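Encoded as structure tokens, the structure appears first; notes follow it.
If you're wondering where the values come from, they're calculated on a predicted model, not measured in any experiment. We use all heavy atoms of the structure for the numbers below, so side chains are in, but hydrogens, waters and symmetry mates are not.
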Amino acid sequence: AIATPAPPPPAIPAPAQATSAPLATPAALPQATPPPVTRPPIASDNKTSAKSVRMKLYFLERSTTEGSTCGKIVAVERDIDNTPRIARSVLIELLRGPSKEEKERGLRSALRQAQSMSVEINQGVATVRFEAVPLVDPKSDCVQQGWEQISSTLLQFPSVKDVNIFVRKMNWYSKRT
């Protein structure tokens, strides 16, 4: 005769006891997706953050001297993002021109924004290359002041001793200190 297995004995409930063990494993519980955390902007998101550096930009101030149509070169300070290419960032800001408030104070620029510009600093020489002349009016009396705006802005860097400005591979200006 074939023996049939006996049915298991009925389960006896265990006595209720306080326990610190979890009732279910974490894998058995449904996982809720936490809501996204909204954080306030960190300081580096601001223009005047610790990641910025105060730099001088040189513009033209209307001169009260008779016979001067261009004005004298004066410095204004702005906070510039401190990037590995800070010299380029400073020149981009310079080429944007005076702010509304600076214009109201009588400042202007002999420069205009450039579509293509590169800046290289090598052994104390800053070389700036433009594809087009960045001057508002290349035939005006203010050409020299425009180049001086660029060179003065770059010469504030301790690593810069000389400035060369090229337009379409032609050297338009050199400043030696």
Side-chain angles (χ1 to χ4, degrees), residues 38-177:
T38 305
R39 294 187 176 117
I42 57 174
S44 64
D45 292 342
N46 298 329
K47 189 83 172 151
T48 58
S49 71
K51 301 262 183 183
S52 294
V53 60
R54 185 157 299 266
M55 301 296 299
K56 292 179 182 175
L57 305 177
Y58 290 83
F59 294 112
L60 302 176
E61 183 177 58
R62 296 193 201 287
S63 178
T64 56
T65 308
E66 280 188 43
S68 174
T69 59
C70 301
K72 64 179 182 175
I73 295 176
V74 296
V76 299
E77 290 187 342
R78 291 206 192 144
D79 292 316
I80 308 292
D81 289 337
N82 192 5
T83 68
R85 300 177 72 193
I86 184 72
R88 186 174 194 284
S89 296
V90 170
L91 285 186
I92 288 171
E93 193 68 21
L94 175 69
L95 294 172
R96 286 186 179 136
S99 67
K100 181 181 176 185
E101 294 81 17
E102 291 163 347
K103 286 178 184 176
E104 289 171 357
R105 291 188 352 233
L107 298 182
R108 63 188 187 88
S109 180
L111 304 168
R112 60 182 171 86
Q113 289 190 5
Q115 296 300 318
S116 178
M117 174 192 64
S118 68
V119 181
E120 178 184 313
I121 300 173
N122 189 9
Q123 297 181 352
V125 179
T127 302
V128 185
R129 298 181 191 281
F130 294 100
E131 284 300 312
V133 178
L135 298 166
V136 172
D137 182 1
K139 296 178 182 177
S140 79
D141 294 337
C142 302
V143 170
Q144 184 67 26
Q145 281 83 352
W147 299 136
E148 289 290 329
Q149 285 181 255
I150 294 171
S151 65
S152 297
T153 298
L154 289 173
L155 286 169
Q156 72 186 303
F157 292 100
S159 61
V160 175
K161 304 298 179 218
D162 302 322
V163 176
N164 289 319
I165 301 172
F166 290 83
V167 178
R168 289 185 225 102
K169 299 182 183 179
M170 189 166 114
N171 189 344
W172 277 52
Y173 176 86
S174 292
K175 173 81 173 198
R176 306 278 181 244
T177 56

What distance do [X] atom [atom1] and [Y] atom [atom2] have between them, rounded to the nearest 0.5 Å?
X      : Y      : atom1 : atom2 : answer
Leu111 : Tyr58  : CG    : OH    : 14.0 Å
Ile73  : Leu107 : CD1   : CG    : 12.0 Å
Thr153 : Lys56  : OG1   : NZ    : 10.5 Å
Leu154 : Met55  : CG    : CE    : 9.0 Å

[X]: partners by side-chain hydrogen bond (donor to acceptor under 3.5 Å, both in side chains), with sequence neighbours left out:
X      : value
Ser89  : Thr83
Ser174 : Asn164, Asn171
Arg78  : Glu93, Glu102
Ser109 : Gln149

Name all residues meeting the side-chain contact (heavy atoms from CB on, under 4.5 Å) criterion together with Glu104; count only those two or more places apart in sequence or in a different chain, and write none if there are none.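 For Glu104 the side-chain contact (heavy atoms from CB on, under 4.5 Å) partners, ignoring immediate neighbours, are Lys100.
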
With sequence neighbours left out, write down each residue that passes side-chain contact (heavy atoms from CB on, under 4.5 Å) with Ile92, or none if nothing qualifies. Arg88, Arg96, Met117

Determine the minimum heavy-atom distance between Leu95 and Ala114, stating which atoms define it.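 Closest pair (atom of Leu95, atom of Ala114, distance): CD1-CB, 4.0 Å.
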
Nearest heavy-atom pair of Phe59 and Pro98: which atoms, and what distance?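 That closest heavy-atom pairing would be CE2-N, 3.6 Å.
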
Enumerate the residue pairs fulfilling disulfide bond (SG atoms under 2.5 Å apart) with a member in residues 78-177, sequence neighbours excluded, ordered by first and then second residue.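 Found Cys70-Cys142.
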
Sequence neighbours excluded, every pair satisfying disulfide bond (SG atoms under 2.5 Å apart) that has a member inside residues 75-137: none

Do [X] and [Y] come within less than 4.5 Å of each other through their side chains, counting heavy atoms only?
X      : Y      : value
Asn82  : Ser52  : no
Val136 : Arg108 : no
Val167 : Tyr173 : no
Val90  : Leu94  : no

Donor-acceptor contacts, no H, no angles, side chain residues 118-134, under 3.5 Å, sequence neighbours left out:
none

Determine which pairs satisfy salt bridge (Lys or Arg N to Asp or Glu O under 4.0 Å) with at least one residue from residues 147-166, sequence neighbours left out, and list them in order.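 Pairs touching residues 147-166 that pass the test: Glu148-Lys175.
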
